[in-house]
Every structure is written in C-alpha cells, then in structure tokens.
Amino acid sequence: MQVLNRPWGAMHYRIDGPQDGPAVVFANSLGTDLRLWDALLAQMPGIRAIRFDKRGHGLSDEGEEYSIADLAEDCAALIEATASGPVVLVGLSIGGMIAQALAAARPELLRALVLSNTAAKMGTAESWAERIEAVETRGIAAIADTIMERWFAPKFRATPELALWRNMVLRSSPTGYVAACRALAATDLTRTTATITRPTLVVAGDTDGSSPAELVEATARLIPGADFRIIPEAGHLPCVEQPEAYVRTIAPFLQEHAR
Ligand SMILES: O=C(O)CC1=CCC(=O)O1
C-alpha cells in the first residue's frame with residue numbers, strides 16, 4: 001500500500017505494471033475505491049497503472065468539505081509524485097469530472113484523456129440534495145438498490161458479483177460519500193471543459209442510469225475533436241460489467257497517446 005501525504009490527510013494509491021510502461025492514471029467514481037479497475041487492468045498488463053482512492057473513499061482519509069477542483073489538485077499531486085512526465089488520465093463519472101477539471105487547469109500534466117460515463121454537469125441540485133438527505137437520515141443502505149440499478153444492466157445484476165459491489169457502496173464512509181455528493185452538486189464544468197485541448201476519448205454505456213449516453217455525448221461535443229463511443233449492454237461502470245469491450249474501446253487510444 002502506498003501513501004501520498006496531502007494537506008487534508010493520507011491519500012492511498014497503488015501502482016501496477018512495468019516501471020517503464022506507459023503511465024496511465026485512473027480516477028474512480030462515487031462510492032467506489034480503486035478496485036473499480038481490477039478487471040480492466042488484468043487485461044492491460046503492459047501499462048504502468050497508477051490509481052488512487054479520492055478523499056473519503058477506500059483507504060484514504062476523509063478530508064474536509066471540498067470541491068472537484070480540490071480533487072483535481074490531489075490528482076495533480078499524485079501525477080507529480082509518481083510519473084516522470086505527462087500521463088494519460090482515465091476518469092469515470094466523478095473521476096471524469098476530476099479529469100475534465102485537471103485538463104482545463106493543468107494541461108501540461110496530461111498527454112490525453114479518457115472521459116468515461118461522465119458529463120460536464122451531473123445531476124441537479126435537487127437530486128443531490130435528495131440523495132444526501134437519504135444518506136444522512138437513513139444511511140447508505142437506503143439508496144444501495146437504486147444505485148445498483150443505475151450502475152449495472154439487468155444481466156450483471158443477476159450475477160453473484162453484484163453482492164460485492166453492493167457491499168462496496170454499503171461500506172463507504174457516509175461522510176466521504178456525502179462530501180463527494182456536495183462537490184458534484186456544486187459543479188458545472190461546461191465552460192472550462194470547452195477549453196480542453198488534449199486529445200480526448202469519451203465513453204458511455206448504453207444502459208447507464210446515472211449518466212445517460214446522450215448526456216455523455218453532449219459533453220463530448222463540447223471538446224474540439226473528441227471521439228465518442230458507446231459500449232453495448234453496459235451501465236455506469238462498463239470497466240466492471242464489460243471489461244473486454246472496455247479494453248477494446250480504449251486500448252487503441254492508449255496505444256496512440258500513452259508513453
Ligand atoms: O451513484 C451514481 O449515481 C453514479 C455516480 C454519479 C457520480 C459518480 O461518480 O457516480
């Protein structure tokens with residue numbers, strides 16, 4: 001286990017793959033930890049994969065109240081501490097918002113971006129307020145089944161693995177989860193995402209209940225030259241549900257841009 005000391009506490013990260021492999025950083029979604037990428041990375045042994053638990057998730061400390069810009073600074077610090085030059089950043093959902101914010105603020109740290117199941121603005125102030133109220137008054141268990149329906153297509157929801165992802169959400173820190181919901185509610189990256197100049201691949205799932213493909217495509221259209229792909233039979237976490245298709249979708253882009 002590796003730790004990066006940040007002003008708010010300890011940030012957990014992990015590096016897999018050859019030391020001299022092309023560096024690719026992965027940013028997780030709300031309510032998940034860095035195991036989000038396990039199935040994908042099992043099929044990409046050649047890359048130097050750098051992944052981390054954002055504040056209040058996985059093994060990282062909680063931190064105080066924070067913004068997406070603060071999470072992007074954590075990601076910048078990780079890149080500066082672990083990579084010898086610019087990297088390709090793959091961000092999913094809130095991880096994709098972190099990637100958009102970083103690409104606009106610190107483009108020199110990035111060669112290229114994969115924005116997965118994300119948007120410049122996700123949800124509404126009302127929908128996040130409802131979710132926060134449910135977690136604060138009734139606990140994360142109150143939202144776990146709804147979250148599973150948003151994350152996964154029906155076929156995956158019928159597999160035994162579903163229980164493990166449900167447990168990951170149930171065991172999330174309520175404080176960390178709510179802090180991330182507040183950051184999401186407060187963020188609209190539409191203006192800055194339109195200034196992204198790095199090569200960008202945008203990926204959606206055709207049954208994503210959290211960031212529907214049309215919403216993801218609208219964000220792709222903000223970024224000059226961005227490529228947009230849809231993964232069939234995939235919800236919000238296609239790297240879990242359809243890892244082979246996800247690899248087929250992103251591998252050519254990584255081959256072209258990661259060094
Ligand atoms: O929990 C969800 O609805 C999915 C999600 C929204 C932002 C994020 O990172 O995950």
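When a ligand or atom number is given, it counts from 1 through the structure's own listing order.
- Note on ring orientation: taking the six-membered ring where Trp is involved, the planes of W37 and F26 are tilted (angle from 30° to 60°).
- Of the N and O atoms on the side chains of S116 and Y246, at least one donor lies less than 3.5 Å from an acceptor on the other residue.
- A side-chain donor-acceptor contact under 3.5 Å links H236 and D208.
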Show which side-chain atoms of residues 171-184 pair as donor or acceptor with protein atoms under 3.5 Å away, not counting sequence neighbours.
unit_1: S172; atom_1: OG; unit_2: M168; atom_2: O; d: 3.1
unit_1: S172; atom_1: OG; unit_2: V169; atom_2: O; d: 3.1
unit_1: S173; atom_1: OG; unit_2: E62; atom_2: OE1; d: 3.2
unit_1: S173; atom_1: OG; unit_2: E62; atom_2: OE2; d: 2.6
unit_1: S173; atom_1: OG; unit_2: T175; atom_2: N; d: 3.3
unit_1: S173; atom_1: OG; unit_2: G176; atom_2: N; d: 2.8
unit_1: Y177; atom_1: OH; unit_2: R131; atom_2: NH1; d: 2.8
unit_1: R182; atom_1: NH2; unit_2: E136; atom_2: OE2; d: 3.0

N or O contacts of ligand 1 with protein under 3.5 Å, please list pair by pair.
unit_1: ligand 1; atom_1: 1 (O); unit_2: R131; atom_2: NH1; d: 2.8
unit_1: ligand 1; atom_1: 3 (O); unit_2: R131; atom_2: NH1; d: 3.4
unit_1: ligand 1; atom_1: 3 (O); unit_2: R131; atom_2: NH2; d: 2.7
unit_1: ligand 1; atom_1: 3 (O); unit_2: S210; atom_2: OG; d: 2.8
unit_1: ligand 1; atom_1: 9 (O); unit_2: L30; atom_2: N; d: 2.8
unit_1: ligand 1; atom_1: 9 (O); unit_2: S93; atom_2: OG; d: 2.8
unit_1: ligand 1; atom_1: 9 (O); unit_2: I94; atom_2: N; d: 2.9
unit_1: ligand 1; atom_1: 10 (O); unit_2: S93; atom_2: OG; d: 2.9
unit_1: ligand 1; atom_1: 10 (O); unit_2: H236; atom_2: NE2; d: 3.4

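- A donor-acceptor contact under 3.5 angstrom links the side chains of S29 and T32, judged on distance only.
- Side-chain polar atoms of W8 and D74 form a donor-acceptor pair below 3.5 angstrom.
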